[in-house]
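In each ligand, atom 1 is the first atom listed, and ligand 1 is the first ligand listed. Bear in mind that the values here come from a model prediction, so they are computed numbers and not experimental data.
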Amino acid sequence: MLELKNIKKDYQTKYLTVHAIKNLSIAFRKSEFVSILGPSGCGKTTLLNLIGGLDRYNSGDLIINGRSTKEYTNKEWDAYRNHTIGFVFQSYNLIMHLNVLENVEMALKLAGMPKASREEKVLQVLEKVGLADKAKALPNELSGGQMQRVAIARALVNDPEILLADEPTGALDSETSIQILDLLKEIASDRLVIMVTHNPNLAHNYSTRIVEMLDGELVNDSNPYQVEEEKNEYAVNGKKPSMSFMTALCLSFKNMLTKKARTILVSLAGSIGIIGIALILAMSHGFQTYINDVQESALAEYPLSITRQAVDYSYLYDLIRDIGEGETEKVDEIKV
Ligand code: ADP
Ligand code: MG
């Protein structure tokens with residue numbers, strides 16, 4: 001069960017405060033296809049981001065599985081985002097230098113799934129979205145609809161209980177949009193799908209519930225839900241999201257390989273810096289040695305003799321005293 005209670009979200013800009021969500025309350029069923037409609041700027045994306053844990057509300061409460069998220073730690077938010085929520089965006093957000101399989105696999109890597117079971121899981125979900133034959137293709141070899149399918153596969157591969165889609169058909173033609181909506185409808189048969197759309201026709205034809213928003217508020221709900229009907233379906237998976245050190249290393253290496261020119265330039269600049277410092281150190285050491293040599297050879301030409309001297313001041317003192325007393329004494333020897 002997912003419930004929002006009196007949620008408020010403000011954005012503070014330099015000159016004014018934008019009240020993006022004003023006191024919004026809504027509850028969702030465990031399995032339904034909800035479309036959110038509303039004019040641009042009315043707060044649809046903000047609402048989706050709050051539900052998905054990508055953004056934090058200012059006041060009110062988001063209740064997941066009967067538990068308030070007010071006291072959620074960062075780790076709990078991470079676990080919620082990684083295991084309970086799947087995101088689909090209008091702009092696909094695929095990694096262009098990874099192929100379809102690797103893009104989808106990334107979600108499993110981030111969730112810390114061991115390598116052995118990853119590929120099979122990815123192929124299963126690619127089959128589900130009708131892209132099994134494109135596993136090795138790069139995103140730029142695919143059509144818009146196919147790219148959105150990859151994004152949907154990536155969102156589904158962790159088997160999330162909630163799928164959030166922000167204008168998933170916004171960049172697609174009407175025929176391709178229908179295919180994507182068919183897919184989302186099928187997905188919604190056993191989980192909650194919340195989709196933001198600009199297209200009321202698609203919303204009416206495919207979703208089971210239409211929520212309309214205006215200026216940060218809910219103005220219409222075609223099929224409202226009272227929380228008492230179902231309870232506590234969404235368990236926030238306790239697993240921590242993690243990526244192994246080897247995975248991070250391999251990804252970095254792969255990234256370096258795909259950006260060869262940049263990597264070579266960075267290495268070159270780094271090498272020049274290091275070589276420069278080494279040269280300066282070597283030169284300063286060489287100069288110091290040279291100066292020491294010159295000093296030694298110059299001083300060798302002028303031999304120095306060091307003598308030891310001692311003056312018996314007590315004798316001088318006696319002498320002065322004697323003179324002062326009017327006696328004259330022959331000074332026969334002054335020890336030096
Ligand atoms: P929609 O998705 O319905 O078009 P949004 O949720 O993106 O609307 O935005 C709702 C309001 O909040 C808009 O007025 C928008 O300008 C504002 N807004 C959204 N995100 C930010 C942000 N990061 N900083 C400041 N204002 C924002
Ligand atoms: Mg939006």
Salt bridge or not between Asp159 and Arg191? Use side-chain N to carboxylate O under 4.0 Å. yes

Indicate whether the side chain of Asp61 and that of Ser68 have a donor and an acceptor atom separated by less than 3.5 Å. yes

Could you tell me whether the side chains of Asn103 and Tyr92 share a donor-acceptor contact shorter than 3.5 Å? no

Of the listed options Gly41, Cys42, Gly216, closest to atom 4 (O) of ligand 1 (non-hydrogen atoms): Gly41

Which residue and heavy atom of the protein sit nearest atom 20 (N) of ligand 1, plus the separation: Tyr11 CE1, 3.4 Å

Backbone or side-chain N/O/S of Ser40 under 2.8 Å of the Mg ion (ligand 2): no

Does the protein come close to atom 16 (O) of ligand 1 - that is, does one of its heavy atoms sit below 4.0 Å from that atom? no

Give the residue, atom name and distance (to 0.1 Å) of the protein heavy atom nearest atom 7 (O) of ligand 1. Thr45 CB, 3.7 Å

Considering only heavy atoms, does Thr13 approach ligand 1 within less than 4.0 Å through its side chain, its backbone, both, or neither? side chain

Contact region, Val18 to ligand 1, non-hydrogen atoms below 4.0 Å, reads side chain

When every non-hydrogen atom of Gly170 is compared with those of Gln90, the smallest separation belongs to C-NE2, 3.7 Å

Looking only at protein heavy atoms, identify the closest one to atom 5 (P) of ligand 1 and say how far it is in Å. Thr46 OG1, 3.6 Å

Numbering the atoms of ligand 1 from 1, which are under 4.0 Å from a heavy atom of Ser40? 4 (O)

Testing Arg118, Arg154, Lys121 one by one against Glu105 for a side chain to side chain donor-acceptor pair (under 3.5 Å), which residue passes? Arg118

Tell me whether Asp78 is salt-bridged to Lys75, with the criterion being a basic N under 4.0 Å from an acidic carboxylate O. no

Side-chain heavy atoms of Lys8 within contact of Ile21, under 4.5 Å: no

